[in-house]
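To start, the structure itself, in structure tokens.
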There are 4 protein chains.
Amino acid sequence: MLVFAEKGVDASVIDDVISTAGVSRGTFYKYFKSNRDLMVAANEELGRELLTLVLNRVSGLDDPAERLALGVRLFIETALAFPLFARFTRSAGMASVGPRSLLLDYLPGHIQDGIEQGRFFDLPQEVSLDLISGGVLFYIARSSESSVDPEHGRHVVAALLRSLGLSDAEAWRLADREVAPMELPENSLLRRSSLRYRPQGDSGEDAQ
Amino acid sequence: MLVFAEKGVDASVIDDVISTAGVSRGTFYKYFKSNRDLMVAANEELGRELLTLVLNRVSGLDDPAERLALGVRLFIETALAFPLFARFTRSAGMASVGPRSLLLDYLPGHIQDGIEQGRFFDLPQEVSLDLISGGVLFYIARSSESSVDPEHGRHVVAALLRSLGLSDAEAWRLADREVAPMELPENSLLRRSSLRYRPQGDSGEDAQ
Amino acid sequence: MLVFAEKGVDASVIDDVISTAGVSRGTFYKYFKSNRDLMVAANEELGRELLTLVLNRVSGLDDPAERLALGVRLFIETALAFPLFARFTRSAGMASVGPRSLLLDYLPGHIQDGIEQGRFFDLPQEVSLDLISGGVLFYIARSSESSVDPEHGRHVVAALLRSLGLSDAEAWRLADREVAPMELPENSLLRRSSLRYRPQGDSGEDAQ
Amino acid sequence: MLVFAEKGVDASVIDDVISTAGVSRGTFYKYFKSNRDLMVAANEELGRELLTLVLNRVSGLDDPAERLALGVRLFIETALAFPLFARFTRSAGMASVGPRSLLLDYLPGHIQDGIEQGRFFDLPQEVSLDLISGGVLFYIARSSESSVDPEHGRHVVAALLRSLGLSDAEAWRLADREVAPMELPENSLLRRSSLRYRPQGDSGEDAQ
DNA sequence: AATGAATGAGCCTTCATTCAT
DNA sequence: GATGAATGAAGGCTCATTCAT
């Protein structure tokens, strides 16, 4: 994560990876077939971690709109709390929201529920996903380039809820809730790597 | 554009560029300092082209919401009509919506007008931009990976308008208009390059 | 001369040459077959210039030791007075004292005379040339790297005369004379180019 | 050494170096950052080798003039005995006598001693160095271009001693001694590379 | 199981030289 | 006679990958 966040996913690496990991070339190849392999693995591991936590927090809620709102808020707040995560997400670019990603696992169910319960308009599923993924990713990416107003996360969520069909009042009611920060498990990948993270100046050069 | 669309911006090229362009190595370096230089130039040229056309179509309209709606629709429809454009946009990834991009030049004015005229909620400007840029980019990117229902462009626009504060009815009124396709000038970069474009199977490997 | 002095003879050039000369690529090739061609031409022209002047100054003297001493002093003093010349000489390296060079044209006759008149020991001609060329070149080269004590030119000449067989007293008598600076003709290559010369920091990188 | 001697230091190589060394491109860059890097390293290694041997031979002598004479003779004789060394030295040009070179490490001490003991005139140190370095380098360079009379090495040494202040008789007494050839250690860089050296015709093209 | 030296394909970049205008 | 766009050979350098130890 440290390397991908800093260099971008496509800027060559392996040497950086192994030196950052304190591991030999040979060892790297014992565990990963290629660089992208590692990136995919890291992405999946990270996704699994976050998804589990989000689902824990969300599973008790009846209202799909509330589940969706809270989930997206948690995602955004985690990105703000862990710049490494925001940076990694930006580097992974649209791949981070690709087929095997957290958001795409998490969202469709809640959206579908919302439509069935009449809380959301009957938008085509893909369109909803594009809007949410795109909006969230851009907001997070921006947060890793310049500092963003942390309150704006609520605006993002409210706007997304409105686009799905909620009234402004309703949208704000859900978006405005206080949200306790995620509690990462002791050995969490994100927690461990964030400990070593020292953000570098952003050249913007290799950004996606 | 042909090369960037096919290979992705970061899968290095130059050799492909010059053979596609039918130009020698030395000539390339006479005009561009690096590969990324070329990409930036192409992106800017393309942006200039489209922006000009969009502004022509939009400048007569009084309602900022209408201007925004039409502009975004035109952008989306152009991407669907010119797969090369969609593909290029996906390859350029978030860079295509970066600081010097079409959308960021086009949008802020209209959004601001809309807020001042009371048509839009008073969202933070950046949040609006994130939502629109992100949503549109994701929709276009998806259109270049698999085929999308061309009607969904209207859904995207309607949803964005709702998120900005329009009622559903109002949003649909604007999003549902018929839109005449863009008429690219004879010597347009996009038109000329599209003539040579034969979409390739998408490996997904290097996709952003 | 400006370019060769600055970049060194082997560091690639032509582009620098033509831009310094304010001349087009094509024009360059009309007059010179290659870069080295130009360098040889410049070296010859410069040599001719200096040789003419030295011979004028020296031809009236009967004593071959005196002729040699004055000639070498003039060469050295010119190098100190025209840093461009010193720099160029250093860049040309041993080539500047190569087969077609000033010194090799100038010296042998006087040395031979000196031997025949019993002023010099009967050293092998080549050995004398090595000592004089080598010593002078190194002194000049050093002067273009760091500043040297201008008085040391006399020491060089005195030492060379001693090595050829003169007594220390005799050597100093000849080496210590005041020497009027060379008067370069109006259109002299060296004078004209020196006008434009602004010494750059010496990296020492490409130095010979 | 083989490559530098043959091609000259500035006629770029790497490809020649690695094919001569029977080593891959990557391996080259594992050990040296650039071509010049390698050249510097070779020069230093060679210098270290010779300096060690010379010091061994010279350290027992009380008379600094004798030490200097023997050292220079050894240097010259080694160059004549190992044409590769002569050729390499010529190619390295003035760099071979540059700041980190053998001669500059070796000479100053003895010269200083000589002055203090009244054997040498009180020449400025740099001037002595210029004369000795320049004279010796030129003699060696010439030996690698055409064949030189091996006896002339003595003339060079005698002349240098005279220039430093010794009488002709004294100079010859020291310069004329028989000198046993240097005994290079088994694994000496110079010895090993000389084994593979087959001198090529000298085009003179790239000569320094 | 870990190591890291070695490999070489792949790409980038420069620059001498040509030649149509 | 002068120009400068175009060329492409020549070399530089990096980095993913292999493999003997």
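Just so it is clear, the model here is predicted, and its values are computed rather than measured. Here is the naming used below: chain letters follow the sequence lines, and residue numbers restart at 1 for every chain.
- When every heavy atom of D:E49 is checked against every heavy atom of D:L190, the shortest pair comes out as OE1-N, 3.4 Å.
- For the pair C:R196 (side chain) and C:T20 (backbone), a donor-acceptor distance under 3.5 Å is present.
- Residue A:I18 contributes atom CD1, which lies 16 Å from atom P of F:dT14 at whole-angstrom precision.
- Between C:F4 and C:L38 there is a side-chain heavy-atom pair separated by less than 4.5 Å.
- At whole-Å resolution of the value, OH in B:Y29 and P in E:dA16 are 17 Å apart.
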Point to revise | Where protein sits on nucleotides 2-10 of chain F, one letter per nucleotide: B base, S sugar-phosphate only, - none, heavy atoms under 4.0 Å | key: SBBBBBBB-

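- Spacing between atom CZ of B:F32 and atom C1' of E:dT14 amounts to 18 Å, rounded to whole angstrom units.
- The CG-P distance, from C:D15 to E:dT13, rounds to 17 Å in whole Å.
- Taking atom CG of C:D16 as the reference point, atom P of E:dT14 lies 13 Å away to the nearest angstrom.
- For the salt bridge (Lys or Arg N to Asp or Glu O under 4.0 Å) test, no residue two or more places apart in sequence or in another chain qualifies with D:R192.
- Considering CE of B:M39 and OG of B:S91, their distance stands at 8.5 Å, rounded to 0.5 Å.
- By the 4.5 Å heavy-atom criterion applied to side chains, D:T27 and D:I18 are not counted as neighbours.
- The distance from atom CG of B:N35 to atom P of E:dC11 is 11 Å, rounded to the nearest whole Å.
- Going from atom CD1 of B:I14 over to atom CG of B:N35 covers 5.0 Å, rounded to the nearest 0.5 Å.
- In this structure, D:R36 atom CZ and F:dG12 atom C1' are separated by 15 Å, rounded to whole Å.
- Taking 4.5 Å as the limit, every side-chain heavy atom of D:V17 sits out of range of all side-chain heavy atoms of D:F32.
- Mapping D:K33 and A:V13 onto DNA chain F by nearest heavy atom places D:K33 closer to the 5' end of the strand.
- To the nearest 0.5 Å, atom OG of residue B:S144 and atom CG of residue B:L84 are 10.5 Å apart.
- Taking a pair as Watson-Crick or G-U wobble with both distances under 3.5 Å, DNA chain F forms stems of 3 or more consecutive pairs at E:2-21 with F:2-21.
- Computed from coordinates, the D:L38 CG to F:dC13 C1' distance equals 15 Å when rounded to whole Å.
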